[in-house]
Amino acid sequence: MLNEKLKLIPHLPGSYQMRDKNGIIIYVGKAKDLYKRVNSYFKGTVTGKTRKMVSEVVDFTYIVTNSETEAFITEINLIKEYNPKYNILLKDDKSYPYIEYIGKPYPKVKVSRYLNIKRKDNKTIFGPYPNAYAARRIVRLINRLYPLKKCDGKPKQVCLYYHIEECLGYCTKKIDELKLQKMESEILAFLRGNDKVLKDKLVEKINIYSETLNYEMAKELRDELNYINIVLDKQKVELHDFMNRDMFGYYIDKGHIGINVLFIRNNKLIGSHNEILTIKIDPVEELQDYLLNFYTRHEVPKEILVENVFDNEILSELIKTNFVVPEKGTKKKLLDMANLNAKIYLDNEIKTFERKEMQTTNANEELRKLIHLDNLRRIDAFDNSNLFGSYSVSGMVVFKDGIPCKKKYRKYKVSVDKNDDYNTMKEVIYRRYQRALVEKSELPDLIIVDGGINQINACLDTLHSLNLSIKVCGLKKNDKHRTNELIDGDTYSIIELDKDSSVFHYLTRIQDEVHRFTINYHKTLRSKGSISSILDNIDGIGSVRKKELIKQYGNINNIKNANIEELAKIIPESIAKDLKEFLIGREEDKNKK
């Protein structure tokens, strides 16, 4: 049905909406050619979040528009209305901080975050500042050097800031308007790029503190002056018009696009933004879409420098700013720098991805061949750990396609003796896969047990009793608790592993992960010192019996000192014996330490 519907999409501009099994819109997009764009999701190669989104799509709808501009507007409106979960680019997933100067009713400077920058009355916004720490530090310094309003509202009396001369007492005092105007002009001049204003103010304050022998305060301001010098010197570029502009650089390789946007504000390079796109159809169209979406979340500068590949007329109309293609000079050098940064970022990400592939997908495939399996998607790994010398816990971790699937991890409390590894394994395997059969949930292609032939046999015996045929392998550790041998559960033979191979590191990672998960569960139970948490460890003591024991005895020592006949008045005698044995074993463990 979906394939037939794909064939009927027109080669026209418009907005499309992806829907899940419940008919809910989970993604909204726009395209210059609806047919090419929508078909690319189902007939092309998709990865990452796009693949996850496509796996949930059972239907789609679309709206044809007269132009690409109308398609974009339609897309934005639909996203605002339905808030689809996969429209990450247009969500408030991250916004850069800005420095905001508020003039009325009282002068104030603060750090703000805006998704849609709007110039409001009495507010002037500077930024963005990708370095949030620098933005906050600059605001703190301005507030320290100038007596701005620090608090919210209008208190009935002056506060500490007034007494230390960092506020003019706006709440109760009459303020000199000329003084206010001078202070405002200096602050705005600095935020617009005149560094000398703030530096001179700092030097003036430093001299005052030095003359009054307040060397500690003088040193603090000297450190601030050094910080400002370093930050501002790093930001300077060879442009002298103080225009806010962005450089939009990109680099294409191996089906991906690296993007680097450089922010220049008031003649300073204040930071950059990097991102990776997966090419689905035309790279230029992908980049234009990205540009349009990017500036719905960020301040639009007066000028954006781009390569000569875009439809600048459409972009200028939609984003309401000037798009410039520099051919030489400083602007061209800055755009080249953005392109170089995009290349470096993409190269690094690709190398990281390839390295991760070696550690996951490739290692998983190598393991599949090593143990002669036709398919190997899911691995369940088990580990056991003793608790208090008389109670055991077990943990199971799951790896799918070489990656941990933490939502499927499971913890087990086991009721067998501490030295009975065989029956501990049998109990956990039975509980895990008997439930899987009842619930008809996914079964693994491989089970890895932490141990040798004894644990393998326990696992195989239980699987056979459930009429399940699943490959089982054992991982043994050496005296230093490091992965040493892989044992084939079919032949009991030891499979040789190259200690430098990706499969050896993969198995070590699995074994370390299941051990970590189980030990953490073990420690969590041990760390619970309350009577309630200790009673939770005893099978047969539920919430009602636990409340009765707590009401009768009050604490663990009183329960430990009670005889079985007394406890049997509240709980069955067999459970009372288990409880006493558990508490005695716990006390012996403590004494050994």
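Note: hydrogens, waters and symmetry copies are ignored here, and every other heavy atom, side chains too, is used.
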> So, Lys351 and Asp347, do they make that salt bridge, N to O below 4.0 Å?
no
> Measuring from atom CD1 of Ile259 to atom CG of Asn341, what distance do you get when rounded to the nearest 0.5 angstrom?
13.5 Å
> Contact between Leu34 and Arg37 at the side-chain level, heavy atoms closer than 4.5 Å - yes or no?
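Leu34 vs Arg37: side chains apart.
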> Pick from Phe399, Phe517, Phe382: which one makes a ring-ring contact (aromatic ring centres under 6.0 Å, His included) with Tyr409?
Phe517
> Can you name the nearest heavy-atom pair linking Arg137 to Asp223, along with the distance?
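In terms of heavy atoms, the two residues are closest at NH2-O, 4.0 Å.
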> Using a 3.5 Å distance criterion without hydrogens, assess whether the side chain of Asp498 forms a donor-acceptor pair with backbone atoms of Asp500.
yes
> Under a plain distance cut-off of 3.5 Å, with no hydrogens placed, do Glu275 and Tyr345 share a side-chain donor-acceptor pair?
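Not at all, the side chains of Tyr345 and Glu275 share no donor-acceptor pair under 3.5 Å.
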> Run the salt bridge (charged side-chain N to carboxylate O under 4.0 Å, His left out) check on Asp59 and Lys21 step by step: do they pass?
CA-CA 8 Å; Asp59 194 14; Lys21 62 182 179 181; over 6 Å; no
> Does a salt bridge link Lys30 with Glu285, judged by any charged N lying under 4.0 Å from a carboxylate O?
no
> Hey, does the Lys NZ or Arg CZ of Lys108 hover above the aromatic six-ring of Tyr101, less than 6.0 Å from the centre and inside 45° of the axis?
no
> Looking at Asp336 and Lys332, is any side-chain nitrogen of the basic one under 4.0 Å from a carboxylate oxygen of the acidic one?
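So Lys332 pairs with Asp336 through a salt bridge.
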> So, do Arg245 and Lys331 sit near enough that their side-chain heavy atoms are less than 4.5 Å apart?
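Arg245 vs Lys331: side chains touch.
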> Quick one: which of Arg136, Glu100, Arg140 gives a side-chain contact (heavy atoms from CB on, under 4.5 Å) with Val111?
Arg136
> Sort out for me which residue in Asn274, Leu346, Leu340 forms a side-chain contact (heavy atoms from CB on, under 4.5 Å) with Asn260.
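Option passing the side-chain contact (heavy atoms from CB on, under 4.5 Å) with Asn260: Asn274.
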> Do Phe323 and Leu291 have side chains that approach each other closer than 4.5 Å (heavy atoms only, starting at C-beta)?
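Answer yes - side chains close enough.
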> I'd like to know if the side chain of Glu513 reaches the main chain of Pro404, judged simply by a donor and an acceptor atom lying under 3.5 Å from each other, with no hydrogens or angles considered.
no
> Verify, without hydrogens or angle tests, whether Asp445 (side chain) and Arg378 (backbone) share a donor-acceptor contact under 3.5 angstrom.
yes
> What residue among Arg432, Arg410, Lys471 forms salt bridge (charged side-chain N to carboxylate O under 4.0 Å, His left out) with Asp380?
Arg432
> Does the side chain of Ile257 reach to within under 4.5 Å of the side chain of Ile276, using non-hydrogen atoms?
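In short, these two side chains do not touch, never coming nearer than 4.5 Å.
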> Minimum heavy-atom separation for Ser502 to Ala363, with atom names?
O-CB, 3.8 Å
> Would you give me the side-chain donor-acceptor pairs under 3.5 Å for residues 304-316, sequence neighbours excluded?
| from | atom 1 | to | atom 2 | distance (Å) |
| --- | --- | --- | --- | --- |
| Glu307 | OE2 | Asn339 | ND2 | 2.6 |
| Asp311 | OD1 | Glu313 | N | 3.3 |
| Asp311 | OD1 | Ile314 | N | 3.3 |
| Ser316 | OG | Asn312 | O | 2.8 |
| Ser316 | OG | Thr321 | O | 3.3 |

> So, do Leu367 and Leu446 sit near enough that their side-chain heavy atoms are less than 4.5 Å apart?
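They are in contact (side-chain heavy atoms under 4.5 Å apart), so the answer is yes.
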> Once you round to the nearest 0.5 Å, how far does CD of Glu224 lie from CG of Leu198?
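Spacing of CD (Glu224) from CG (Leu198) equals 9.5 Å.
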> Output the distance between atom NE2 (His256) and atom OG1 (Thr278), rounded to the nearest 0.5 Å.
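The NE2 atom of His256 sits 3.5 Å away from the OG1 atom of Thr278.
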> Between Ser15 and Glu75, do the side chains contain a donor N or O and an acceptor N or O under 3.5 Å apart?
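Note: Glu75 and Ser15 side chains miss the donor-acceptor criterion.
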> Take the angle between the ring planes of His273 and Phe294 and call it parallel below 30°, perpendicular above 60°, tilted in between.
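It falls in the tilted class, 30° to 60°.
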> Going by heavy atoms in the side chains, are Phe248 and Leu287 under 4.5 Å from each other?
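Of all side-chain heavy-atom pairs linking Leu287 with Phe248, at least one is under 4.5 Å.
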> Short question: side chain of Thr518, backbone of His515 - any donor-acceptor pair under 3.5 Å?
no
> Strictly by modelled atom types, are Tyr146 and Glu186 linked by a side-chain donor-acceptor pair under 3.5 Å?
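Yes, Glu186 and Tyr146 have a side-chain donor paired with an acceptor closer than 3.5 Å.
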> Are Tyr86 and Glu56 linked by a side-chain donor-acceptor pair shorter than 3.5 Å?
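The criterion, which ignores hydrogens and geometry beyond distance, is satisfied for Glu56 and Tyr86.
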> Distance from Glu365 atom CD to Asn362 atom CG, nearest 0.5 Å?
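Separation between the atoms: 8.5 Å.
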> Can you measure from CD1 (Ile187) to CG (Asn143) and round to the nearest 0.5 angstrom?
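It comes to 8.0 Å.
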> For the residue pair Tyr16 and Phe60, is the inter-centroid distance of their aromatic rings smaller than 6.0 Å?
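Judged by ring-centre distance (under 6.0 Å), Tyr16 and Phe60 do not meet the cut-off.
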> Carefully, step by step, assess Arg377 and Asp401 under the rule salt bridge (charged side-chain N to carboxylate O under 4.0 Å, His left out).
CA-CA 5 Å; Arg377 284 211 63 209; Asp401 296 321; 2.7 Å; yes
> Does the pair Asp246 and Tyr295 meet the rule for a side-chain hydrogen bond (donor to acceptor under 3.5 Å, both in side chains), with working shown?
CA-CA 11 Å; Asp246 291 350; Tyr295 287 106; 2.7 Å; yes
> Does Glu317 offer a backbone N or O that forms a donor-acceptor pair with the side chain of Lys320 under 3.5 Å?
yes
> Mind checking the NE2-NZ spacing from His505 to Lys499? Nearest 0.5 Å is all I need.
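Between His505 NE2 and Lys499 NZ, I get 10.5 Å after rounding to 0.5 Å.
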> Counting distance only, does the side-chain N/O of Arg368 pair as donor-acceptor with the main-chain N or O of Leu373 below 3.5 Å?
yes
> Using the rule side-chain contact (heavy atoms from CB on, under 4.5 Å), only one of Leu145, Val139, Ile138 pairs with Ile142; which is it?
Ile138
> Between Asn364 and Leu376, is there a donor-acceptor pair closer than 3.5 Å when you use the side chain of the first and the backbone of the second?
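Yes; at least one donor-acceptor contact below 3.5 Å.
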> Start with the C-alpha distance between Lys254 and Glu349, add both sets of side-chain angles, then the distance that settles salt bridge (charged side-chain N to carboxylate O under 4.0 Å, His left out), and finish with yes or no.
CA-CA 12 Å; Lys254 297 182 179 179; Glu349 289 296 304; over 6 Å; no
